[in-house]
Amino acid sequence: MDVGNWSQITEFIILGFPHLQGVQVYLFLLLLLIYLTTILGNLLIFLVVCLDSRLHIPMYHFVSTLSLLELGYTATTIPKMLSNLLSEKKTISFSGCLLQIYFFHSLGATECYLLTAMAYDRYLAICQPLHYPTLLTPALCAKIAAGCWLGGLAGPVAEISLVSHLPFCGPNCIQHIFCDFPPVLSLACTDTSINVLVDFVINSCKILATFLLILSSYVPIIHTVLRVPSAAGKRKAFSTCSSHLTVVLIFYGSILFMYVRLKKTYSLDYDRALAVVYSVLTPFLNPFIYSLRNKEIKEAVRRQLKRAGILK
């Protein structure tokens, strides 16, 4: 491998949505509105859970951690996307591109682990309610959350290391809305089959394993809920995990099709659309899913607004 060729490419051009050049300003305004709403919504949930003592239980500890995670997750891609929508020079440095890939994938992995931990929390709460307070203590919740973060941050190190040693000596236009492994690998001036295989194996293990663990948690949950005698009891029991299940289906529904595949079998526009779902829409919808569908969070928001003098 000729490492000298690697130095010929010092920056990449992110093409984004080339077919929508005439509406860039409108896309910018729409994305800016979505981003600001995402920040305010997730920040509101995080602060409310921290400030309201009634929400200091494992489920909301994980919800607040997820909200904090979404703030970092969107910050890795959306600000650069906003900048590119208004800039004629849609470039990013080679090191900046690798950093974006690293943080995007590490925080995405952290979300996979955190959603799995939340499924375990719902399993204990519904299937073993009497032992729930003793099994899932605040100290254990903190350790689980820390483990999710550490596991996520360590996840993409091998993939990033392999990509950083590839020679890039030809085209530098990334056919995507942000830097990611598949479009960057397609620009390398050498065979990347090992990189593709490593990327596939790591993503398959990480995404499929956590998704199957979540599904395995919901099998006994559904079985327990169906055994509740009254319809009202069934609704109350399932409402405690419906928000989490909705987020799981949206998030995993897109990343499974995007990353768990060996060959590029879909169009570039298809990949870009999926990327919008898991990088923009999922973090945007999370605050609405957890607040509008959750009576306790809505009441906690009202209490904090009254305490601040905003509501009477």
Q: Could you pull out the closest heavy-atom pair between T91 and N84, with the gap in Å?
A: N-OD1, 4.3 Å
Q: May I ask you to test the F284-E70 pair for a side-chain heavy-atom distance under 4.5 Å?
A: no
Q: For G16 and R272, work out which heavy atoms get closest and say how close.
A: O-NE, 2.7 Å
Q: Take L185 and L166 through the test side chain to side chain contact (heavy atoms under 4.5 Å, CB included) and record every step on the way to the result.
A: CA-CA 9 Å; L185 289 177; L166 289 175; 3.6 Å; yes
Q: For the pair F94 and F12, evaluate ring pair (Phe, Tyr, Trp, His ring centres under 6.0 Å) and give the outcome as yes or no after the intermediate values.
A: CA-CA 7 Å; F94 183 82; F12 292 109; 5.8 Å; yes
Q: Determine, using the 4.5 Å side-chain heavy-atom cutoff (strictly less than), whether L98 and I13 are members of one ILVMFWY cluster.
A: no
Q: Say whether Y113 and F103 are linked into one hydrophobic cluster, either directly or through other cluster members, by side-chain heavy-atom distances under 4.5 angstrom.
A: no
Q. Looking at residues at least two apart in the chain, or sitting in another chain, which of them share a ring-ring contact (aromatic ring centres under 6.0 Å, His included) with F62?
A. none
(Q) Quick check: do V201 and L197 have side-chain heavy atoms less than 4.5 Å from each other? (A) yes
Q: Name all residues meeting the side chain to side chain contact (heavy atoms under 4.5 Å, CB included) criterion together with L213; count only those two or more places apart in sequence or in a different chain, and write none if there are none.
A: T116, S216
Q: Step by step, work out the side chain to side chain contact (heavy atoms under 4.5 Å, CB included) result for C97 and I174.
A: CA-CA 10 Å; C97 186; I174 295 176; 3.9 Å; yes
Q. Tell me, do C112 and I255 make a side-chain contact under 4.5 Å, heavy atoms counted?
A. yes
(Q) Please tell me whether I160 and L150 are part of a single hydrophobic cluster in this structure, the criterion being side-chain heavy atoms less than 4.5 Å apart. (A) no
Side-chain donor-acceptor contacts of residues 26-54 below 3.5 Å, not counting sequence neighbours, with atom names and distances?
| unit_1 | atom_1 | unit_2 | atom_2 | d |
| --- | --- | --- | --- | --- |
| T37 | OG1 | L33 | O | 2.7 |
| T38 | OG1 | I34 | O | 2.7 |
| N42 | ND2 | T38 | O | 2.9 |
| N42 | ND2 | P283 | O | 3.3 |
| D52 | OD1 | R54 | N | 2.9 |
| D52 | OD1 | R303 | NH2 | 3.3 |
| D52 | OD2 | R303 | NE | 3.0 |
| D52 | OD2 | R303 | NH2 | 2.9 |

Q: Starting at OG of S83, measure out to CD1 of I78 and round the result to the nearest 0.5 Å.
A: 13.5 Å
(Q) Looking at every heavy atom in both I221 and A119, which two are closest together, and how far apart are they? (A) CD1-O, 4.3 Å
Q. To the nearest 0.5 Å, how far apart are CD in Q100 and CD1 in I92?
A. 4.5 Å
Q. Passes side chain to side chain contact (heavy atoms under 4.5 Å, CB included), H105 versus D180? Steps please.
A. CA-CA 9 Å; H105 277 264; D180 203 359; 2.6 Å; yes
Q. If we only count heavy atoms from C-beta on, is the P156 to I101 side-chain gap below 4.5 Å?
A. no
Q. CH2 of W149 to CG of L107: how many Å apart, nearest 0.5 Å?
A. 6.0 Å
Q.
Nearest 0.5 Å, please: how far is CD1 in I144 from NE2 in H61?
A. 8.5 Å
Q: May I have the step-by-step check of side chain to side chain contact (heavy atoms under 4.5 Å, CB included) for M118 and V63, ending in yes or no?
A: CA-CA 8 Å; M118 294 171 76; V63 168; 3.9 Å; yes
(Q) When you compare the side chain of Q175 with that of D271, does any pair of heavy atoms fall below 4.5 Å? (A) no
Q) Which atom names give the shortest non-hydrogen contact between F251 and G108, and what distance separates them? A) CZ-O, 4.0 Å
Q. Do S67 and N286 touch side chain to side chain, with heavy atoms closer than 4.5 Å?
A. no
Q: Kindly state each residue pair satisfying ring pair (Phe, Tyr, Trp, His ring centres under 6.0 Å) with at least one member in residues 207-233, sequence neighbours excluded.
A: F211-Y252, Y218-H244
Q: Go through Y102 and E159 one step at a time and tell me if the side chain to side chain donor-acceptor pair (under 3.5 Å) criterion holds.
A: CA-CA 9 Å; Y102 169 75; E159 295 162 281; over 6 Å; no
(Q) My understanding is that only residues two or more places apart in sequence, or in another chain, count here; which of them pass disulfide bond (SG atoms under 2.5 Å apart) with C241? (A) none
Q: For T210 and I207, work out which heavy atoms get closest and say how close.
A: OG1-O, 3.0 Å
Q) Are Q304 and V301 close enough that some pair of their side-chain heavy atoms sits under 4.5 Å apart? A) no
Q. Taking the six-membered ring for Trp, are Y73 and F104 parallel (under 30°), tilted (30 to 60°) or perpendicular (over 60°)?
A. parallel
Q. Between D199 and N195, is any side-chain donor less than 3.5 angstrom from a side-chain acceptor?
A. no
Q) For the atom pair NZ (K80) and NZ (K90), what is the distance rounded to the nearest 0.5 Å? A) 10.0 Å
(Q) Starting from L153, can I reach I202 by hopping between I/L/V/M/F/W/Y residues whose side chains sit under 4.5 Å apart? (A) no
(Q) So F181 and V196, do their side chains get closer than 4.5 Å, heavy atoms only? (A) no
Tabulate below the donor-acceptor pairs under 3.5 Å that side-chain atoms of residues 131-139 make, not counting sequence neighbours, or state none.
| unit_1 | atom_1 | unit_2 | atom_2 | d |
| --- | --- | --- | --- | --- |
| Y132 | OH | D121 | OD1 | 2.4 |
| T134 | OG1 | H131 | O | 2.9 |
| T137 | OG1 | L140 | N | 3.2 |

**Q.** Minimum heavy-atom distance L187-C173, with the two atoms named
**A.** CD2-O, 3.6 Å
Q.
As an exercise, state the distance from OG of S254 to CG of L281, rounded to the nearest 0.5 Å.
A. 9.0 Å
Q: Assign the ring pair Y259 / Y278 to parallel, tilted or perpendicular, where the plane angle (0 to 90°) is split at 30° and 60°.
A: tilted
Q | Same cluster (ILVMFWY, side-chain, under 4.5 Å), V23 and V280 | A | yes
